[in-house]
2 protein chains.
Amino acid sequence: MNILEKIANEIDTFSKSERKVAEVILASPSTVIHSSIAALAKQANISEPTVNRFCRRLDTKGYPDFKLHLAQSLANGTPYVNRHVDENDTADEYTEKIFESTMANLDLARKSLSTNLINRAVDLLTQANKISFFGLGASAVVAHDAQNKFFRFNVPVVYFDDILMQRMSAINSTQGDVVIVISHTGRTKSLVEVAHLAKENDATVIGITSAGSPLAKECHIVLSVDVAEDTDLYMPMSSRIAQLMLIDILATGFTLRRGAKFRDNLKKVKDSLRSSRFERKE
Amino acid sequence: MNILEKIANEIDTFSKSERKVAEVILASPSTVIHSSIAALAKQANISEPTVNRFCRRLDTKGYPDFKLHLAQSLANGTPYVNRHVDENDTADEYTEKIFESTMANLDLARKSLSTNLINRAVDLLTQANKISFFGLGASAVVAHDAQNKFFRFNVPVVYFDDILMQRMSAINSTQGDVVIVISHTGRTKSLVEVAHLAKENDATVIGITSAGSPLAKECHIVLSVDVAEDTDLYMPMSSRIAQLMLIDILATGFTLRRGAKFRDNLKKVKDSLRSSRFERKE
DNA sequence: TCAATTATGAAATAAAATTTCATAAAAGTT
DNA sequence: AACTTTTATGAAATTTTATTTCATAATTGA
């Protein structure tokens with residue numbers, strides 16, 4: 001953890017003198033990294049040994065080591081954090097905040113992903129006879145994107161964002177089919193039912209959803225992506241982006257598993273678009 | 001500048017002994033920040049004063065100050081960079097690389113966005129009688145997502161990913177309508193034509209595309225999102241994520257412009273979903 | 001080849017940090 | 001409240017670390 005945060009957190013557990021040091025440091029950390037222990041002690045009106053003890057209490061080896069940690073905290077600058085958009089933000093401000101928050105959430109998501117499960121999911125996908133992607137609302141967008149990617153692989157892929165079509169498709173699925181159900185909350189009733197139907201018909205069900213949700217319980221594999229709640233403006237934001245990255249990862253895993261020749265094929269698919277485009281004149 | 005890079009850059013201008021120090025440092029900077037000047041001198045087989053001179057040559061005040069700089073370079077850690085997926089990558093590796101690359105590209109995209117233009121686009125959107133989103137392939141996904149967001153605002157919104165529907169819709173558009181055309185390359189013929197048709201019919205055309213492209217030339221406003229090419233596996237990856245963030249930004253700008261009362265409305269829209277979901281029991 | 005310049009390290013010095021230890025303050029205990 | 005124990009603190013001594021000085025070695029240029 002960032003040592004500045006740590007100081008701020010633990011300041012209540014400090015002794016009186018230690019608190020004085022903490023305050024001086026928090027007030028101007030960038031000055032402190034250029035101060036000697038004597039200078040800092042004087043600034044805080046306490047003795048040098050106290051500063052030293054303060055450093056050790058924060059699990060550093062001593063004052064110089066402490067300064068190193070402090071320097072790193074400062075350099076780390078602003079690690080991405082969730083920042084809420086405020087009513088009076090200018091375009092500059094909310095743009096910055098949205099980027100910040102998304103990055104912070106992607107960072108979170110990355111840490112929460114299980115590469116083991118991804119590996120297994122890729123296994124199943126490469127062996128599938130048919131792949132279906134189901135989602136509603138914002139997750140329909142993710143399903144749509146997944147279709148766009150997997151479609152290139154010359155595998156039968158469908159995507160539905162219509163409850164009835166999803167149900168019919170689920171009922172028609174059989175062993176060897178993989179059904180990917182996408183829902184951030186995992187609590188959308190009709191999607192849980194769809195997952196259930198697919199499972200009953202022996203399809204393999206993979207959930208891109210939150211762990212422990214009702215939907216998760218119906219899935220053979222749950223790929224959960226942790227993201228701070230999208231509370232800002234009552235719209236799904238980071239969650240769907242993290243889900244899209246998961247799609248990218250699955251698609252990438254798929255192509256790698258299929259080998260080099262397969263990737264030449266992808267190039268052909270891409271090249272097939274050329275005539276629909278204006279030439280680039282350079 | 002990062003002091004590690006600086007060392008790497010200037011290594012040719014160093015004397016023989018200084019180069020030895022540089023090599024030891026570059027080989028394992030994280031060890032060095034915990035070494036005394038004596039330890040480092042010994043490691044590099046040179047004397048302590050040489051290390052000291054080395055530090056000063058790099059514009060630091062001395063060895064301790066140098067360590068501080070070094071610590072900061074390390075903390076800055078690995079700024080996100082584009083890393084290409086390799087044939088033999090494990091799930092762990094490609095997952096990491098995809099996250100890395102996406103983050104790097106979002107960082108790029110953030111820097112390239114013009115908040116001025118965003119502001120103008122938001123202006124136009126809030127005044128629009130009707131908003132249309134057009135895209136094809138991966139950009140259709142973005143258009144789809146945009147519809148999902150703007151639809152909540154109780155404004156007439158359509159999205160089409162069908163060329164004919166797009167053309168018909170464009171021809172039917174009139175003054176007061178805003179048409180947003182999405183294309184990463186900006187070279188897809190049919191979309192350029194759609195933009196042209198919409199413009200001819202006095203709609204305001206906003207392009208989410210690359211600056212200077214044929215599509216850009218047909219737009220009243222061009223919101224360009226710079227992203228390194230998606231060359232990896234012949235699939236759009238980062239580009240569409242950056243586009244989605246731009247949609248988030250536009251949607252956010254929209255809601256802010258509309259004021260607090262409007263945002264209560266959004267909450268209602270979201271709450272309307274409740275009965276379609278399983279309750280959360282805690 | 002020889003001066004001039006530059007680079008280097010041993011030793012001395014200076015600076016900084018840490019330890020030791022005595023004392024003061026605070027917290028318990030009767 | 002008086003006393004003991006524990007904890008916190010700083011002065012001084014010590015140790016560690018960094019820097020300076022200066023003599024010598026290596027390199028460069030004539």
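Letters A, B, ... mirror the listed sequences (proteins, then strands); counts begin at 1.
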- Rounded to whole Å, the CG-C1' distance (B:Asn52 to D:dT17) equals 11 Å
- Message: Is there a side-chain contact between A:Thr50 and the phosphate of D:dG10, meaning an N or O under 4.0 Å from OP1 or OP2?
- Response: yes
- A:Arg120/A:Asp123 salt bridge by N-O under 4.0 Å criterion: no
- In whole angstroms, how far is the P atom of D:dA8 from the CZ atom of A:Phe14? 12 Å
- Query: Quick one: does A:Ser210's side chain have a donor or acceptor within less than 3.5 Å of a partner on A:Ser213's backbone?
  - Reply: no
- Provide, to the nearest angstrom, the distance between the CD atom belonging to A:Glu18 and the C1' atom belonging to D:dT9. 10 Å
- Message: Could you check whether any side-chain N or O of B:Asn105 sits under 3.5 Å from a backbone N or O of B:Ser101, counting only pairs where one atom can act as donor and the other as acceptor?
- Response: yes
- Round to the nearest Å and state the distance from A:Arg19 atom CZ to D:dT9 atom C1'. 15 Å
- Message: Check this for me: does any side-chain nitrogen of one of B:Arg240 and A:Asp248 sit under 4.0 Å from a carboxylate oxygen of the other?
- Response: yes
- For the side chain of A:Ser15, counting heavy atoms from C-beta on, which of D:dT9, C:dT18, C:dA10 is nearest? D:dT9
- Item | Strand-adjacent residues in residues 23-47 of chain B, judged by heavy atoms under 4.0 Å from DNA chain C | B:Ile46, B:Ser47
- Item | Between C1' of C:dT18 and CZ of A:Phe54, the distance in whole Å | 17 Å
- Carboxylate-amine/guanidinium proximity below 4.0 Å for A:Lys42 and A:Glu48: no
- Applying ring-ring contact (aromatic ring centres under 6.0 Å, His included), name anything that partners B:Tyr63, two or more places apart in sequence or on another chain. none
- What heavy-atom pair brings A:Ser183 and A:Thr188 nearest, and what distance separates the two atoms? OG-OG1, 3.9 Å
- Message: Return the OG1 to CG distance between B:Thr252 and A:Asp89, rounded to the nearest 0.5 Å.
- Response: 10.0 Å
- With respect to the side chain of B:Tyr63, which nucleotide from D:dA18, C:dA11, C:dA17 is positioned closest? D:dA18
Can you pull every protein N or O that's under 3.5 Å from an N or O on nucleotides 22-29 of chain D?
{"residue": "D:dT27", "atom": "OP1", "partner": "B:Lys16", "partner atom": "NZ", "Å": "3.1"}

- Rounded interatomic separation in angstrom, taking CD from A:Glu48 and P from D:dA13: 14 Å
- Does A:Ala211 offer a backbone N or O that forms a donor-acceptor pair with the side chain of A:Ser224 under 3.5 Å? no
- Could you give the NZ-to-C1' distance, from B:Lys67 to C:dA17, as a whole number of Å? 12 Å
